[in-house]
Amino acid sequence: NPKTAAKDEL
Amino acid sequence: MNIFRLAGDLTHLASVLVLLLKIHTIKSCAGISLKTQELYAIVFATRYLDLFTTYISLYNTLMKLIFLGSSFSIVWYIRKHKIVRRSYDKDQDTFRHYFIVLPCFVLALIIHEKFTVREVLWAFSLYLEAVAILPQLVLLQRTRNIDNLTGQYVFLLGAYRALYILNWIYRYFTEPHFVHWITWISGLVQTLLYADFFYYYFQSMKNNGKLQLPA
């Protein structure tokens, strides 16, 4: 899911 | 998780530990900007709201709790601890919060992924993190003679951002559709702010000298 990809980062 | 991301997170963790070491053992926060620390506390409080709603991994949850806890305890130390607060350079640390917070909030209202409270606050936290180091850099510039731990702290923070950029490049080539403009552009701006500091940091290492910024 490209929309939430960066949300797994801190 | 790739090696750049892990190294980035560990460098970020190391920067916090160096700062806590300075504050806790030396009982000094000389050269540390309370403004920057307060901005980081706001950054983590607004970004990690998803702690309550989405579970990603134990690693993710633990790191979030560490960054939240450490940022608020550092602010507490500088403001309230009876010995530490005496070493705070209050007269030098004059950056106004709202000059930074307000534009970031307005930008988040305009540029976000979705117009929801969580998404706007998430974008806000990224914009704010990008510029939160500014009061610290201004303070370094003013104090000029920078002690080792303060220098290491800022260096580790900058290294953490540089490693995150490598992480995004890696993810871009290894994960399908990994495109995230808000994160990338604010992250790039944030890293560029360290360029000047890095230059003098490496100069001082080459000359085995103390880190000194030009007037």
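Lettering follows sequence order; numbering is per chain, from 1. Not measured: the values here are computed from a predicted model.
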Neighbourhood of chain A inside residues 25-37 of chain B, taking heavy atoms under 4.5 Å as contact:
none
side-chain hydrogen bond (donor to acceptor under 3.5 Å, both in side chains) with A:E9: of B:R171, B:H180, B:R47, only one passes, and it is B:R171
Do other residues, nucleotides or ligands put more than 12 heavy atoms under 6.0 Å from the CZ atom of B:F105?
no
Residue selection (most heavy-atom pairs with chain A, distance under 4.5 Å) from B:K64, B:M63, B:K114, B:R5
B:R5
Is atom CZ of B:F52 surrounded by more than 12 heavy atoms (other residues, nucleotides or ligands) closer than 6.0 Å?
no
Just checking heavy atoms, which of residues 119-133 of chain B are less than 4.5 Å from chain A?
B:E119, B:W122
Counting only heavy atoms not in B:H97, do more than 12 sit closer than 6.0 Å to its NE2 atom?
yes
Side chain, backbone, both or neither: which part of B:N60 has a heavy atom under 4.5 Å from chain A?
both
Taking atom OH as the centre, does B:Y170 end up with more than 12 heavy-atom neighbours from other residues, nucleotides or ligands that are less than 6.0 angstrom away?
no
On a heavy-atom basis, which atom in A:L10 and which in B:F67 lie closest, and how many Å separate them?
CD1-CE1, 4.1 Å
Relative to chain A, which segment of B:F44 carries a heavy atom at a distance below 4.5 Å: side chain, backbone, both, or neither?
neither
Can you tell me how far CG of A:D8 sits from OH of B:Y59, rounded to the nearest 0.5 angstrom?
11.0 Å
I need the minimum non-hydrogen distance between B:D50 and A:K7, along with the two atoms involved.
OD2-O, 4.4 Å
For B:I3, does the CD1 atom sit with more than 12 other heavy atoms under 6.0 Å from it, leaving out its own atoms?
no
Kindly check if the number of other-residue, nucleotide or ligand heavy atoms within 6.0 Å of OH (B:Y199) is above 12?
no
